Amino acid sequence: MTPDTGAGSTPRTVSDTTPAELEQALVAAAAAASAFGTSEPATRAGWIRAVADALDAAAGELVPIAMRESSLPEARLTGEVARSTGQLRMFADVLDEGSLLEVTIDTADAQAKPVPRPDLRRVLVPLGPVLVFAASNFPFAFSVCGGDTASALAAGCPVIVKAHPGHPELSARTAEVMIEALRTAGAPDGSFGLIQGFDVGVTALKDPRITAAGFTGSVPAGKALHEIAVTRPEPIPFYGELGSLNPVFVTQAAIDARGKDIATGYVGSFTLGVGQFCTKPGLLFLPTGHGLQEQLASAVDGVAEAPMLNDRIKDGFGSGLDRLQKVDGVRVWASGAATLLQTTVSELLARRDEILEECFGPVSIVVEYSSLDELRAAVEAFEGNLTATLHAEDSDVELASELLPLLTARAGRVLWNGWPTGVAVSWAQHHGGPFPSTVGSIHTSVGVTATRRFQRPVAYQDAPDAVLPVVLKDSNPAGISRRVNGTVTTGEVSR
């Protein structure tokens with residue numbers, strides 16, 4: 001759907017996508033898939049950079065709309081635009097470099113043992129049209145122009161975004177900017193589209209023209225959509241980021257060395273963005289007798305009031321907080337703009353399902369452990385998480401060597417003496433984890449390898465050079481990096 005009214009200081013009404021408009025978007029995406037997917041890497045990179053440039057140019061218009069719809073401050077949203085355009089340009093750079101396609105060539109070898117080897121040329125190809133369910137908490141970086149969209153476009157897949165109802169006008173205007181940028185740069189019509197409405201995303205997910213989907217949101221919604229995706233007549237991959245508690249574990253040595261800094265850093269992390277980050281630390285494990293209660297409570301008392309993203313999230317947070325406060329063995333240590341609760345490992349283990357349920361918003365729980373055995377038991381109590389953090393000192397090497405494998409088994413990103421809020425967009429980043437943090441623990445939604453979710457490998461055997469895709473030809477006209485007979489090179493191939 002291409003919205004047809006301009007954006008200004010006065011809020012505009014954005015209508016839900018009609019069945020006819022959804023069909024038009026699906027037809028256009030399917031029609032664009034071949035041309036978009038077979039475009040040369042440098043050409044696709046140019047299209048993606050054009051989108052980044054257009055979004056930067058439109059930031060002065062888009063940010064005020066986002067402020068009105070999300071209650072987020074200007075500085076935060078301006079930074080989000082920069083993050084969104086930065087990751088678009090990062091994917092464009094990777095397309096130019098070539099490794100995104102994982103081109104691998106093994107030339108024929110009649111002397112190979114135990115049998116002669118044929119000429120084999122492997123490359124990653126796009127799946128086809130991708131459906132992206134936008135998130136609420138990052139109106140740019142995880143929404144219409146977010147990481148799922150950027151990585152799918154880089155992979156060569158047309159994208160249809162199902163807008164989040166929390167920012168419909170921003171979604172519509174952002175889509176207009178992106179569609180116009182792609183059209184002006186020469187990308188096929190239908191390379192990008194937007195749909196709005198409650199049921200329209202489910203209808204699109206069931207459509208056979210959609211080949212994969214990305215989602216960021218709640219556990220119940222994500223599980224329901226995943227069930228639809230995998231029970232279609234032709235099942236498709238569904239990459240859902242659902243929920244995460246992001247536990248932080250602190251040793252006594254770390255308390256002794258920098259307890260005050262840990263207290264202030266923790267409160268700053270769990271209240272960042274009014275606690276509405278998927279990487280918010282939901283639990284802090286401290287040794288009994290840590291002596292940080294007063295500093296923690298003081299830091300919480302200093303947190304300023306700030307609005308949440310929307311009334312639905314605010315109401316959900318209120319219900320979740322009320323539920324946690326009623327759990328036996330959970331006490332309130334501080335309450336105001338943020339809430340700090342306290343319990344012990346023994347109480348947590350006795351009421352694991354009640355306590356280890358994500359509450360999205362400015363609340364976190366301090367859990368006190370009385371022994372190293374309790375600390376180990378606490379780590380083992382967790383299901384999958386996006387992150388797990390250990391605060392320790394050099395003297396804790398033996399303990400840390402024991403705990404890190406346990407944390408690795410339960411998280412996609414393991415932090416040492418840091419805080420999980422803040423996700424660098426880079427080559428090495430992994431933003432994912434075992435279920436329920438994500439549906440597919442082997443993939444990331446942030447970083448270069450996010451494209452791998454929307455690609456599949458194809459190997460060509462003994463195909464003549466004339467019919468091969470450009471990136472597999474002997475002369476390497478695209479000039480990209482390729483692995484030839486085990487060696488990475490940009491040179492030509494001799495048969």
Side-chain angles (χ1 to χ4, degrees), residues 244-273 275 277-300 302-303 333-334 338 340-345 348-349 355-356 358 362-424 428-431 433 437:
S244 189
L245 294 167
N246 308 301
V248 178
F249 302 90
V250 184
T251 69
Q252 183 61 57
I255 296 291
D256 295 340
R258 47 193 168 83
K260 183 177 180 180
D261 289 340
I262 289 173
T264 56
Y266 160 68
V267 173
S269 186
F270 92 76
T271 61
L272 186 65
F277 285 9
C278 55
T279 52
K280 179 198 81 173
L283 298 102
L284 178 72
F285 290 81
L286 298 177
T288 301
H290 52 80
L292 295 181
Q293 179 175 353
E294 182 177 343
Q295 291 172 326
L296 288 164
S298 176
V300 169
V303 175
W333 266 10
L340 183 63
L341 306 175
Q342 182 272 342
T343 190
T344 65
V345 168
L348 181 150
L349 296 177
I355 295 174
L356 297 184
E358 183 183 24
V363 61
S364 194
I365 306 172
V366 172
V367 185
E368 296 177 330
Y369 63 91
S370 60
S371 66
L372 294 182
D373 286 340
E374 280 201 345
L375 178 58
R376 296 183 189 96
V379 174
E380 293 172 345
F382 281 90
E383 295 182 308
N385 278 272
L386 293 172
T387 74
T389 300
L390 179 62
H391 278 264
E393 296 298 304
D394 291 344
S395 59
D396 292 314
V397 168
E398 184 176 349
L399 174 61
S401 297
E402 178 183 349
L403 292 180
L404 284 177
L406 299 177
L407 298 178
T408 299
R410 290 162 175 81
R413 180 162 55 108
V414 178
L415 293 86
W416 177 271
N417 291 348
W419 301 106
T421 40
V423 182
Q429 186 58 269
H430 183 77
H431 188 62
S437 61

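Just so you know, these numbers come straight off a predicted model, no measurement behind them.
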Under 3.5 Å donor-acceptor, [X] side chain and [Y] backbone:
X: Ser269; Y: Gly265; answer: no
X: Ser401; Y: Val397; answer: yes
X: Ser364; Y: Pro281; answer: yes

Grab the two heavy atoms, one from [X] and one from [Y], that are nearest each other, plus how far apart they are.
X: Trp416; Y: Ala400; result: CZ3-CB, 3.6 Å
X: Leu406; Y: Arg410; result: O-NH1, 3.0 Å
X: Ala388; Y: Leu407; result: CB-CD2, 4.0 Å
X: His431; Y: Cys278; result: NE2-SG, 3.5 Å
X: Thr387; Y: Ala411; result: C-CB, 3.7 Å
X: Asn385; Y: Leu245; result: OD1-N, 2.6 Å

Return a table of donor-acceptor pairs under 3.5 angstrom between the side chains of residues 255-264 and protein atoms on other chains or two or more places apart.
from, atom 1, to, atom 2, distance (Å)
Asp256, OD1, Gln252, NE2, 2.9
Arg258, NE, Glu393, OE2, 2.8
Arg258, NH1, His391, ND1, 3.0
Arg258, NH2, Ala392, O, 3.1
Arg258, NH2, Glu393, OE2, 3.0
Arg258, NH2, Asn417, OD1, 2.7
Thr264, OG1, Lys260, O, 3.3
Thr264, OG1, Asp261, O, 3.1

Open item on the list: Could you check whether Glu402 pairs with Arg376 (Lys NZ or Arg NE/NH1/NH2 to Asp/Glu carboxylate O, under 4.0 Å)?
Closed with: yes
When rounded to the nearest 0.5 angstrom, what is the spacing between [atom1] in [X] and [atom2] in [Y]?
X: Leu375; Y: Glu368; atom1: CG; atom2: CD; answer: 13.0 Å
X: Trp419; Y: Leu272; atom1: CH2; atom2: CG; answer: 12.5 Å
X: Phe285; Y: Thr251; atom1: CZ; atom2: OG1; answer: 14.5 Å
X: Phe277; Y: Thr421; atom1: CZ; atom2: OG1; answer: 7.0 Å
X: Trp333; Y: Leu340; atom1: CH2; atom2: CG; answer: 7.0 Å
X: Leu415; Y: Phe249; atom1: CG; atom2: CZ; answer: 12.5 Å

Any side-chain heavy atom of [X] within less than 4.5 Å of one from [Y]?
X: Leu341; Y: Thr343; answer: no
X: Leu348; Y: Leu356; answer: yes
X: Leu386; Y: Lys280; answer: no
X: Thr389; Y: Tyr266; answer: no

Task: Residue pair Val267, Leu296: steps toward the side chain to side chain contact (heavy atoms under 4.5 Å, CB included) verdict - done: CA-CA 7 Å; Val267 173; Leu296 288 164; 4.1 Å; yes
Open item on the list: Holding to side-chain hydrogen bond (donor to acceptor under 3.5 Å, both in side chains), I want the full list of residues that pass it with Asp394, two or more places apart in sequence or in another chain.
Closed with: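 Partners of Asp394 under the side-chain hydrogen bond (donor to acceptor under 3.5 Å, both in side chains) test: none.
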Open item on the list: Regarding Ser244 and Asn246, do their side chains bring together a donor and an acceptor under 3.5 Å, going by distance alone?
Closed with: yes
TODO: For Val250 and His290, run side chain to side chain contact (heavy atoms under 4.5 Å, CB included): C-alpha distance rounded to whole Å, both residues' side-chain angles, the deciding distance at 0.1 Å, then the answer.
DONE: CA-CA 10 Å; Val250 184; His290 52 80; over 6 Å; no
- [ ] Check the pair Ser370, Thr288 against side chain to side chain donor-acceptor pair (under 3.5 Å), reporting the backbone distance first and the verdict last.
- [x] CA-CA 5 Å; Ser370 60; Thr288 301; 5.1 Å; no
